[in-house]
Amino acid sequence: MTQINERVQLLNDKAANNDGKFVLYWMQMFKRTTHNHSLNFAIHQANERKVPLVVYEGLKFYYPWANDRIHTFILEGVEEKRKAFAELGIHYIFYLQQDENSPKDVIANIAKDACLIVTDDFPCFIIPKHNQRIAQKAEIPVYQVDSNGMIPMSRFEKEEYAAYTIRPKIKRMLPEYWKCEKDEKVIVRAENLHLNCPENRIENIPNLVKNCAINHSVKASSIYKGGSSTAKKRLQHFIKNIFPEYAKTRNECSVDGSSRLSPYLHFGFLSVYEIVEAVENADVPQESKEAFLEELIVRRELAYNFTRFNPNYNSLKCLPAWTQETIRKHANDRRDYLYSIEDLENFRTHDEIWNAAQRELVQTGGMHNYVRMLWGKNVIAWTRNYEEAFAILEDFNNKYALDGRNPNSYAGILWCFGKHDRPWFERPVFGTIRYMTSGSSGKKFNSKKYIEWTKSFVQPSLF
Ligand SMILES: Cc1cc2nc3c(=O)[nH]c(=O)nc-3n(C[C@H](O)[C@H](O)[C@H](O)COP(=O)(O)OP(=O)(O)OC[C@H]3O[C@@H](n4cnc5c(N)ncnc54)[C@H](O)[C@@H]3O)c2cc1C
């Protein structure tokens with residue numbers, strides 16, 4: 001692997017195909033047509049070679065946790081991209097691989113006529129393996145580009161210990177990266193390009209999803225709709241109506257008091273830069289700006305740094321020594337309640353706030369940050385051992401949450417086990433890991449209203 005610049009890595013040492021008809025951008029995570037460093041790098045490569053650009057986006061049926069909710073959210077963003085790419089003179093192909101009978105290796109086939117491949121660098125889930133595999137398989141150069149956050153991941157040399165170690169580094173580097181690079185424009189428009197590959201028009205999403213060999217028990221969200229235009233609309237709504245009071249409302253689970261942009265950030269429908277531009281221009285109290293940017297930049301980039309540098313990011317092995325020691329010491333402590341996976345999944349516990357949080361997750365695809373912490377901590381208290389608790393949290397989070405399968409998912413879940421935190425007072429089961437109960441945390445927000453809302457089935461709209 002060769003670092004080409006701060007955001008770009010060359011993953012193999014194959015020679016470019018100088019007879020190639022186009023440059024190929026395999027869009028996996030940054031599903032947007034602006035503010036996208038991968039797209040810009042691909043356009044730049046195409047312009048240098050005076051060939052058009054082809055963008056390929058595929059959706060397969062066998063990725064982990066594949067279900068109606070995730071599929072629908074991705075598909076909702078397809079046709080608007082097709083339109084935007086057509087205007088930009090870029091050839092866009094979207095292909096939905098519905099089951100075992102669908103054509104395979106579509107990307108490898110398209111790549112036969114390409115000069116080189118550009119793809120997205122995302123530090124967790126299936127993407128690192130995808131990129132490794134295509135770099136080995138392809139006969140042409142494969143570049144991965146980091147368009148995840150403000151500071152390129154390569155600017156950090158190692159895993160950061162906690163927010164307090166990464167914060168000063170981010171603050172120091174941020175002025176260099178405060179503005180997003182300018183979007184590139186293609187020189188050769190892809191007007192008469194005929195590619196022999198399967199592709200889909202996304203017309204009837206429920207029908208398409210129904211015919212995919214995926215888990216149909218997790219229904220599409222009735223609140224969150226996929227796509228960059230919905231993301232931008234929600235961003236505007238947030239800035240105008242919620243942001244002024246964000247510092248006060250962000251921990252109040254019973255109101256629409258935070259951005260709820262995490263699903264859009266996860267699927268790359270929105271760039272962190274578009275949010276920062278909107279924040280910069282907003283006339284709101286400084287405390288709201290600071291509180292929000294701490295989450296959006298410091299906490300988020302800490303999570304990306306964690307999954308980039310820690311190969312054990314999806315297991316308890318990644319925990320620091322003090323946590324490992326305390327959970328060893330308390331492994332056999334008696335748990336006051338033990339619940340089966342089925343009881344937890346179907347929100348059947350004695351704790352009404354926890355049930356409400358799980359209900360929100362299962363039914364809407366989202367969960368408020370404040371109860372999310374409580375949700376994770378309680379699963380540790382109510383399962384036989386820490387490994388089981390982690391497995392359940394990972395499964396529920398990644399299966400139901402639209403923002404799941406993200407570096408924040410792992411940093412968030414493992415924070416419940418002490419990652420990125422410090423030791424607190426010793427107590428049963430948790431040892432010195434920070435402890436939270438619905439009894440005390442539930443007093444910090446209107447839990448009665450929150451519980452009622454999750455039972456009402458009246459979902460708050462995004463706008
Ligand atoms: C157990 C647990 C699981 C979590 N799983 C996920 C997950 O799967 N995906 C996910 O994106 N976040 C996860 N988080 C972090 C956090 O809860 C969500 O990012 C936040 O609730 C998203 O809501 P919002 O967009 O309204 O956030 P806002 O308060 O509006 O914040 C803006 C953005 O900042 C980022 N952010 C906010 N809080 C955090 C945080 N604590 N750590 C890292 N980034 C943050 C998110 O990208 C968010 O969209 C988890 C936290 C916990 C405790």
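What you see is a predicted model, and the numbers here were worked out from it, not measured in a lab. Both ligands and their constituent atoms are indexed starting at 1 by order of listing.
With a 6.0 Å radius and a threshold of 12 heavy atoms from other residues, nucleotides or ligands, Phe463 has its CZ atom above the threshold. Atom CD of Glu181 is surrounded by more than 12 heavy atoms from other residues, nucleotides or ligands within 6.0 Å. At most 12 non-hydrogen atoms from other residues, nucleotides or ligands lie less than 6.0 angstrom from OH of Tyr62.
At distances below 3.5 Å, at least one donor-acceptor pair connects side-chain atoms of Arg234 with backbone N or O atoms of Ser259. Looking only at distances, no side-chain donor or acceptor of Ser147 sits under 3.5 Å from a matching main-chain atom of Asn36. Of the possible polar contacts, one joining the Asp120 side chain to the Phe30 backbone as a donor-acceptor pair under 3.5 Å is found.
The protein atom (non-hydrogen) at minimum distance from atom 9 (N) of ligand 1 is Asp403 O, 2.9 Å. With respect to atom 38 (N) of ligand 1, the closest heavy atom belonging to the protein is Glu295 OE1, 3.1 Å. Nearest protein heavy-atom neighbour of atom 51 (C) of ligand 1: Gly412 CA, 3.6 Å. Scanning the protein for heavy atoms near atom 30 (O) of ligand 1, the closest one is Ser259 OG, 2.6 Å. Of all protein heavy atoms, the one closest to atom 24 (P) of ligand 1 is Arg260 N, 3.5 Å. The nearest protein atom to atom 23 (O) of ligand 1, hydrogens excluded, is given as Ser262 OG, 3.8 Å; this is a heavy-atom distance. Remark: minimum distance from atom 42 (N) of ligand 1 to any protein heavy atom is reached at Arg299 CB, 3.6 Å. The protein atom (non-hydrogen) at minimum distance from atom 17 (O) of ligand 1 is Asn369 OD1, 2.7 Å.
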Candidate pair Glu345 and Tyr400, rule side-chain hydrogen bond (donor to acceptor under 3.5 Å, both in side chains), full reasoning: CA-CA 10 Å; Glu345 188 154 21; Tyr400 291 110; 2.6 Å; yes
Glu301 and Arg155: CA distance, side-chain angles, deciding distance, salt bridge (Lys or Arg N to Asp or Glu O under 4.0 Å) verdict: CA-CA 11 Å; Glu301 303 212 356; Arg155 287 299 307 268; over 6 Å; no
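Taking the six-membered ring where the residue is Trp, Tyr161 and Tyr164 present perpendicular rings, their angle passing 60° and hence far from 30°. In this pair, Trp375 and Trp354 present their aromatic rings parallel. The plane angle is below 30°, not in the 30 to 60° band.
Within the 4.0 Å heavy-atom criterion, neither part of Ala401 lies near ligand 1.
Numbered from 1 in the order shown, with element, the atoms of ligand 1 that lie under 4.0 Å from a heavy atom of Leu265 read 47 (O), 49 (O). The ligand atoms of ligand 1 that sit less than 4.0 angstrom from a heavy atom of Gly404 are 8 (O). Atoms of ligand 1 lying under 4.0 Å from any heavy atom of Leu296, numbered from 1 in the order shown and given with element: 33 (C), 34 (O). Each of the following atoms of ligand 1 lies closer than 4.0 Å to a heavy atom of Met373: 53 (C). Close approach of ligand 1 to Ser258 is summarised as follows: ligand atoms under 4.0 Å from at least one heavy atom of the residue are 24 (P), 26 (O), 29 (O), 30 (O).
Among the atoms of Trp415, none of the N or O lies under 3.5 angstrom from an N or O of ligand 1. Checked by distance only, ligand 1 and Leu261 come closer than 3.5 Å through their nitrogen or oxygen atoms. Among the atoms of Asn408, some N or O lies under 3.5 angstrom from an N or O of ligand 1. Remark: ligand 1 and Asn397 share an N or O pair separated by less than 3.5 Å (distance only, no angle test). Residue Ser409 has at least one N or O atom closer than 3.5 Å to an N or O atom of ligand 1. An N or O contact shorter than 3.5 Å is missing between Asn406 and ligand 1 by distance.
In this structure, Phe292 is part of the shell of residues with a heavy atom less than 4.0 angstrom from ligand 1. A heavy-atom separation below 4.0 Å is not found between Ala303 and ligand 1. Arg250 does not count as a contact of ligand 1, since none of its heavy atoms falls under 4.0 Å from the ligand.
For the pair Arg299 and Phe306, the cation does not sit on the ring face, since its NZ or CZ is not both under 6.0 Å from the ring centre and inside 45° of the axis.
Residues Leu316 and Leu414 have side chains in contact (heavy-atom distance under 4.5 Å, counting atoms from C-beta outward).
Taken to the nearest 0.5 Å, the CD atom of Glu57 stands 10.0 Å off from the CD atom of Gln28.
With Tyr450 as reference, Glu360 is the one residue of Glu360, Glu352, His368 to meet the side chain to side chain donor-acceptor pair (under 3.5 Å) rule. Test Lys169, Lys419, Arg167 against Glu160 for salt bridge (charged side-chain N to carboxylate O under 4.0 Å, His left out) and you get one pass: Lys169.
For the residues Glu301, His266, Arg372, Glu394, the heavy atom positioned nearest atom 4 (C) of ligand 1 is part of Arg372. Around atom 28 (P) of ligand 1, the closest heavy atom drawn from Tyr246, Phe306, Phe417 belongs to Tyr246.
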